[in-house]
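Quick note on labels: first sequence line is chain A, next is B, and so on, each numbered from 1.
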Amino acid sequence: MSVDAEPIVRLTLPDGSTREVPTGTTGLAVAASIGSRLAKDALAIKLNGRVLDLARPLLESGPFEVVTPSHADALEVYRHSSAHLTAHAVKRLFPGVKIGIGPAIENGYYYDFDPGRAFTPEDLEKIEAEMKKIVAENAPIERLEMPKAEAVKIFSDLNDPLKVEIIESIPDDHVSCYRQADFIDLCRGPHVPATGKLGVFKLTHTAGAYWKGDERNPMLQRIYGACFLSQKQLDEHLARLEAARARDHRKLGKELGLFVFHPWAPASPFFLPKGAMVYNLLVQFMRELYVKYGYQEVVSPQVFDADLFKKSGHYSNYKENMYFTEIDEREFGVKPMNCPGHFLMYASQAYSYRDLPVRFADFGRLHRYERSGVTQGLTRVRTFCQDDSHIFCSIDQMPAEMDRFIDLIDEVYGTFGFSGIRVGLGTRPEKWMGKIENWDKAEKALASAFEKRGRDFFVNAGDGAFYGPKLDFQVTDAIGRPWQLGTLQVDFANPDNFDLVYTGEDGAKHRPVVLHRAVLGSLERFFGILIEHTAGNFPFWLAPEQARVIPVSEKLNEYAHEVCTALVQAGLRATVDRRNEKLGAKIRNGELEKVPALLIVGEKERTSETVSLRKHGAGDLGSRSLAALIPDMLAATKSRSLNWGVPKEALTH
RNA sequence: GCCGAAGUAGCUCAGUCGGUAGAGCAGCUGAUUCGUAAUCAGCAGGUCGUCGGUUCAAGUCCGACCUUCGGCUCCA
């Protein structure tokens, strides 16, 4: 509190008008003077860019806004207050429970507790009911500022050692607490003025969480709450979760017969014939682009003497993620990345500046040990392959290589219909190697590649690889979720380690730069993302079964077979459903299996050399001559068209 | 790895108080020969994740392990 405060503070309202009030007037009073409705809706105020409690005395002049539910800053305050509400209810129901922290997060909030035992789903119901009661009580929420010693006493008396620990770690002399009825919590605030303002929440699940996120600390029980400003928004959020579950790649992968797992190969997918088809088509797609973008594919070993990984730095920086084996009394490591092998291949030949850039692409299988609790479906596995490449170029060629890479990224992501590409720049992490001036140079070069194109990027401090900074490419899927796919990592360190050189124009040896890059990233993970993005409705070119011929009865099996043969001979993936079933059943099956084209053939079609076309999700489209349909399908395949035979609703963003 | 939950037929799931395991779909066989999202009937299908324990008796209770799922950054 400023001692030499002016007697008057001047507030600039969003409409540009100004208002002068005595210093110390509360935000609520100002809101009330503007309008009673505004005061009723007010959750907080914002002065000079800081969100404050309604009851806070105003001590400085500046831009002033009333934070109502429609204000951009309302949600965080509301969620944070709702987190306190959860803690309040827990303290009432389980007096022995110690409280941790409870911040607002995306879609809601969480609160960490040390309950001495895990919360059960029944506990959550009780807590929710108690929360509703506290809302009905409409208890005022007040801010209390006090010396640290006083706060320590309060929380010691309440048997809340975690709170005491936090207070003691705060550098200021004073701390703030918030009190609502019989509950008090250490908190910076701000909060809504009373518990009656709250009420739109749902406790969704519990989970273990380490105190302060550090696994050396004891594990607490975290309660997650979904929380929004209106019931409608909360319902929509819960519906979105439901929709996301419906397109879960693990569920669809099983239903569509794409892949399976087995306990004897934990976190390692087995791609069934249909899944392998999609997988290989993805590889084929990248191979075609490699020709266009000047890459050369190589094939490299799986297992290397551990000395290689000592040289590459993996042994000291990545060992805990690697598989090792011993044979002939030598220690071998299974490769977790292709790069060390590529360095040996580069070093095996003499390159001149005329040869550069050299772009080695490799679909080699990689193995990385992931801790048992972190694996997940196809998105986090222990064996996978990347659309991996290492580009060896001169420093001068780096900008052109980045341009070329960004073009490739755009072409690939566009083909799959991903939108909203975002780029993150990962800077020097804690574990790093090389020269610091090279790091700085590379970080600048990556940033300028995007600035030059007028594209946004954001900085992920400390998120670089141990051998250099990197760019990460993030896309948005069909239901708005972000996924990190491509990456480009600059490596100044390994060319030194492996003494990689090229002969320059001047006849002298020069050091190339290595760019590690992938577009899809892990093919396994990309496959999983693609399943969720398309909800299993693969674009025509990727569909494992593009067309299914359905005879209306067994009498038409022969003609169906002829049609199928024509399709297969044209290079399409087609089958015949020759089961002894009624037409409706076969169609239902084809639709459930998301086959893009169902070709129904009956007597009519046989005599006219046609098929009745039913596109997946689009229903019956009537008869087509086979002679016209086949080229149409081939064109959709060749052009990798996004929407042939894909239901409209699967394409909406 | 840690906290919590789950694992029963190929799939989705039921199985009460511990008393010798059930449905639907899929599969197979037969009948039906059918025009745009499920034809009917019959048959077959199981070391209840694995190992150990308690018990006259274990899918069920206890323990260990395996696998899968939800989490473990979002700093009062």
Heavy-atom protein contacts under 4.0 Å, nucleotides 60-66 of chain B, coded B base, S sugar-phosphate only, - none: -------
First encountered from the 5' end of RNA chain B, between A:E554 and A:R588: A:E554
Geometric class of the A:F271/A:F527 ring pair [parallel <30°, tilted 30-60°, perpendicular >60°]: parallel
Separation of atom NE2 in A:H262 from atom C1' in B:U67, rounded to whole Å: 10 Å
C1'-based separation of B:G46 from B:U8 [nearest Å]: 8 Å
Interatomic distance, A:D112 CG vs B:C72 P [rounded to whole Å]: 10 Å
Sugar-phosphate, base or nothing in reach of A:G377, heavy atoms under 4.0 Å: sugar-phosphate
Backbone N/O of A:I134 and side chain of A:T195: donor-acceptor pair under 3.5 Å: yes
Pair of N/O donor and acceptor under 3.5 Å linking B:G35 base with A:E605 side chain: yes
Pairs involving residues 250-263 of chain A, ordered by first then second residue, that meet side-chain hydrogen bond (donor to acceptor under 3.5 Å, both in side chains) (sequence neighbours left out): A:D248-A:R250, A:K251-A:E255
Side chains of A:Q546 and A:L567 in contact at under 4.5 Å (non-hydrogen atoms): no
Spacing between A:R188 atom CZ and B:C74 atom C1', to the nearest angstrom: 12 Å
Phosphate OP1/OP2 of B:G71: any A:Y224 side-chain N/O under 4.0 Å: no
Whole-Å C1' distance, B:G7 and B:A14: 15 Å
Separation of B:U68 P from A:L378 CG (nearest whole Å): 12 Å
Aromatic ring proximity A:H88/A:H84, centre distance under 6.0 Å: no
Donor-acceptor side-chain pairing of A:E545 and A:T575 below 3.5 angstrom: yes
Candidate nucleotides B:U33, B:G35, B:C74, ranked by approach to the side chain of A:K555 - the nearest: B:U33
Rounded distance in Å - NZ (A:K586) to P (B:U39): 11 Å
A:L556 CG - B:U36 P separation (whole Å): 14 Å
Enumerate all atom pairs, one protein N or O and one N or O from nucleotides 40-44 of chain B, separated by less than 3.5 Å.
none

Inter-nucleotide P distance (B:G59, B:G53), Å rounded: 15 Å
Under the side chain to side chain contact (heavy atoms under 4.5 Å, CB included) test, residues paired with A:D620 that sit two or more places apart: A:S612
Sugar-phosphate only, base, or nothing, as touched by A:Y369 at under 4.0 Å among non-hydrogen atoms: sugar-phosphate
Salt bridge (charged side-chain N to carboxylate O under 4.0 Å, His left out) evaluation trace for A:E242 with A:R245: CA-CA 5 Å; A:E242 195 58 45; A:R245 263 194 291 277; 3.0 Å; yes
P gap between B:G15 and B:A23, integer Å: 15 Å
salt_bridge(A:R188, A:D172) N-O dist < 4.0 Å: no
Between A:W483 and A:E532, a side-chain donor and acceptor under 3.5 Å: no
P-based separation of B:G18 from B:A58 [nearest Å]: 13 Å
RNA chain B contacts among residues 83-108 of chain A, heavy-atom distance under 4.0 Å: A:I101, A:P103, A:I105
Shortest side-chain distance from A:H205, nucleotide among B:G70, B:C34, B:U36: B:G70
Test side-chain contact (heavy atoms from CB on, under 4.5 Å) applied to A:Y323 and A:R382, step by step: CA-CA 10 Å; A:Y323 289 89; A:R382 289 181 176 163; 3.2 Å; yes
Under 4.0 Å protein heavy-atom contacts per nucleotide of nucleotides 2-16 of chain B, with B for base, S for backbone only and - for none: BBS------SS----
Rounded distance in Å - NE2 (A:H616) to P (B:U36): 19 Å
Output field: ring centroids A:Y315/A:F324 closer than 6.0 Å: yes
Side chains of A:T120 and A:D123, donor plus acceptor under 3.5 Å: yes
Over-ring placement of A:R79 relative to A:F228, 6.0 Å and 45° cut-offs: yes
A:E125: partners by side chain to side chain contact (heavy atoms under 4.5 Å, CB included), with sequence neighbours left out: none
Those residues that, when tested against A:R525, pass salt bridge (charged side-chain N to carboxylate O under 4.0 Å, His left out) (two or more places apart): none
Strand RNA chain B in bracket notation, Watson-Crick/G-U under 3.5 Å with | for pairs to another chain: (((((((..((((.....[..)))).(((((.......))))).....(((((..]....))))))))))))....
Residues from residues 153-166 of chain A lying under 4.0 Å of RNA chain B - heavy atoms: A:K163, A:I166
Ring-ring centroid check A:Y111 A:Y109, cutoff 6.0 Å: no
Sugar-phosphate only, base, or nothing, as touched by A:G602 at under 4.0 Å among non-hydrogen atoms: base
A:F113 ring center within less than 6.0 Å of A:F94 ring center: no
Under-4.0 Å side-chain N/O to phosphate OP1/OP2 contact, A:Q376 with B:G70: yes
A:E76 CD: over 12 foreign heavy atoms closer than 6.0 Å: no
Sequence-distant partners of A:Y110, ring pair (Phe, Tyr, Trp, His ring centres under 6.0 Å), two or more places apart: A:Y224
Nearest-Å distance once atom C1' is located in both B:A5 and B:A44: 35 Å
Sugar-phosphate only, base, or nothing, as touched by A:T375 at under 4.0 Å among non-hydrogen atoms: sugar-phosphate
Distance test, side-chain N/O of A:R380 to OP1/OP2 of B:G71, below 4.0 Å: no
Pairwise P distance for B:C56 and B:G42, with rounding to whole Å: 43 Å
Base B:A37 to side chain A:R614, donor-acceptor N/O within 3.5 Å cut-off: yes
Distance, rounded to the nearest Å, where A:R624 contributes CZ and B:G35 contributes C1': 17 Å
Sugar-phosphate, base or nothing in reach of A:L592, heavy atoms under 4.0 Å: base
List the atom pairs, with distances to 0.1 Å, where a side-chain N or O of residues 593-601 of chain A and a protein N or O form a donor-acceptor pair under 3.5 Å, not counting sequence neighbours.
residue : atom : partner : partner atom : Å
A:E593  : OE1  : A:R548  : NH2          : 2.6
A:K594  : NZ   : A:A535  : O            : 3.4

